[in-house]
There are 2 protein chains.
Amino acid sequence: MGKPSGLVQGTLDLLILKTLSPGAMHGWAIGRRIQQVSGEVLQVQQGSLYPALHRLEQQGWIRAKWAESETGRQARFYALTAAGRRQLESEAANWSRLSAAINLVVNEAG
Amino acid sequence: MGKPSGLVQGTLDLLILKTLSPGAMHGWAIGRRIQQVSGEVLQVQQGSLYPALHRLEQQGWIRAKWAESETGRQARFYALTAAGRRQLESEAANWSRLSAAINLVVNEAG
DNA sequence: AAGATGATGTAGATAATCTAAGTATGGGCA
DNA sequence: TGCCCATACTTAGATTATCTACATCATCTT
């Protein structure tokens with residue numbers, strides 16, 4: 001019934017940047033964390049996550065390096081750059097603005 | 001600087017259905033109304049609006065008929081169907097769920 | 001007569017996400 | 001030893017929503 005997808009289109013960059021803001025994390029963990037923090041509502045598919053990470057890296061908003069994960073495997077750890085922090089601010093503000101605007105329409109008395 | 005588009009992808013159907021919930025309205029007026037109610041934040045392009053209306057009509061969520069607009073011109077008036085009302089409920093609930101989940105991530109103390 | 005505004009329409013581009021594969025490593029277990 | 005499972009990353013191709021950029025036509029104003 002309808003289209004209950006796992007994400008709202010256009011918000012994944014924001015979610016990733018925010019998740020990285022306390023400190024570096026590898027891709028797999030980012031996906032798990034978004035899912036956990038959102039109360040298992042947001043589902044980040046690998047086919048969405050990894051291309052998004054590459055995109056963000058290409059924009060210069062995150063920087064990657066290989067390191068050992070908690071489980072002893074090699075994993076690609078991502079950290080916010082200064083530009084990434086500014087981008088996070090900007091995307092968070094934009095989300096605020098747009099979601100508030102949508103709520104004005106949806107929560108109209110009518 | 002980022003991508004400040006006029007809409008959040010995936011929310012236009014909801015916005016249209018909600019706008020039609022008090023009563024029938026023609027396409028042009030729907031676009032104006034969404035823009036006004038959202039405080040001029042949401043911009044509904046004609047190239048997004050009309051295809052969306054056709055889509056919704058095809059799904060059976062709205063029904064159209066030609067009639068005279070307030071200005072005396074012919075216009076296509078759209079009204080919610082019963083199925084459309086159910087769809088509105090469903091999409092509103094889904095938006096609630098997803099936007100709340102996103103806010104959990106974005107507003108994390110971190 | 002021209003120009004602005006209302007009103008609808010569509011073709012083609014863009015871009016984000018999903019589907020659905022695939023590869024590889026390490027741990028647990030029979 | 002062999003097998004499966006969870007972790008971890010990658011990518012090609014499809015889907016789909018929205019945007020850009022037109023085009024058309026009517027009415028009202030100047």
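Every chain is numbered from 1, with letters handed out A, B, ... down the list of sequences. Keep in mind the model is a prediction, meaning the values are calculated, not measured.
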Practice task
Check whether any side-chain nitrogen or oxygen of Y50(B) sits under 4.0 Å from OP1 or OP2 of dG9(C), and answer yes or no.
Solution key: no

Completion exercise
Closest to the side chain of W28(A), out of dG6(C), dC9(D), dG9(C), is dC9(D)

Handout entry: Donor/acceptor link under 3.5 angstrom from Q74(A) side chain onto base of dC9(D)
Key = no

Problem - Interatomic distance where CD belongs to Q45(B) and P belongs to dA11(C) [whole Å] - result: 19 Å

Handout entry: Separation of dC9(D) P from H54(A) NE2 (nearest whole Å)
Key = 9 Å

Handout entry: Separation of dG6(C) P from R33(B) CZ (nearest whole Å)
Key = 16 Å

Handout entry: same_hphob_cluster(M25(B), L104(A)) at 4.5 Å side-chain heavy-atom cutoff
Key = no

Handout entry: Note, Q74(B) side chain near E68(B) side chain (heavy atom, < 4.5 Å)
Key = yes

Handout entry: Interatomic distance, Q46(B) CD vs dG6(C) P [rounded to whole Å]
Key = 11 Å

Practice task
Find out whether L14(B) and L88(B) are in side-chain contact, i.e. whether some heavy atom of one side chain is under 4.5 Å from a heavy atom of the other.
Solution key: yes

Practice task
Check ring pair (Phe, Tyr, Trp, His ring centres under 6.0 Å) between F77(B) and all other residues, then give those that pass, not counting sequence neighbours.
Solution key: H26(B)

Practice task
Round to the nearest Å and state the distance from Q58(A) atom CD to dA16(C) atom C1'.
Solution key: 16 Å

Problem - Under 4.0 angstrom between S69(B) side-chain N/O and dG6(C) OP1 or OP2 - result: no

Fill in the blank from the handout: The nucleotide from dT17(C), dA17(D), dG6(C) with an atom nearest the side chain of S48(A) is dT17(C)

Completion exercise
Given the options L56(A), L20(A), I16(A), Y78(A) meets side chain to side chain contact (heavy atoms under 4.5 Å, CB included) only with L20(A)

Problem - Spacing of M25(A) atom CE relative to dC9(D) atom C1', expressed in whole Å - result: 17 Å

Handout entry: dG27(C) OP1/OP2 closer than 4.0 Å to side-chain N/O of T71(A)
Key = no

Practice task
Could you pick out which residue, H26(B) or P51(B), lies toward the 5' side of DNA chain C when each is mapped onto its nearest nucleotide?
Solution key: H26(B)

Practice task
Side chain of L7(A) only, please: which of dG9(C), dT17(C), dC19(D) is the nearest?
Solution key: dT17(C)

Exercise for the section: Using heavy atoms to find the nearest nucleotide of DNA chain C for R76(B) and R73(B) separately, return the residue whose nucleotide is more 5′. Expected result: R73(B)

Problem - Sugar-phosphate only, base, or nothing, as touched by L12(B) at under 4.0 Å among non-hydrogen atoms - result: sugar-phosphate

Exercise for the section: Remember a base hit wins even if backbone is also touched, and classify G47(A) as base, sugar-phosphate or nothing at under 4.0 Å, heavy atoms. Expected result: base

Practice task
For L49(B) and dA21(D), give me the distance from atom CG to atom P, rounded to whole Å.
Solution key: 18 Å

Practice task
Let me know the distance between CD of Q43(B) and C1' of dA17(D), rounded to the nearest Å.
Solution key: 18 Å

Handout entry: Below 4.0 Å: OP1/OP2 of dT17(C) and any side-chain N or O of R55(A)
Key = yes

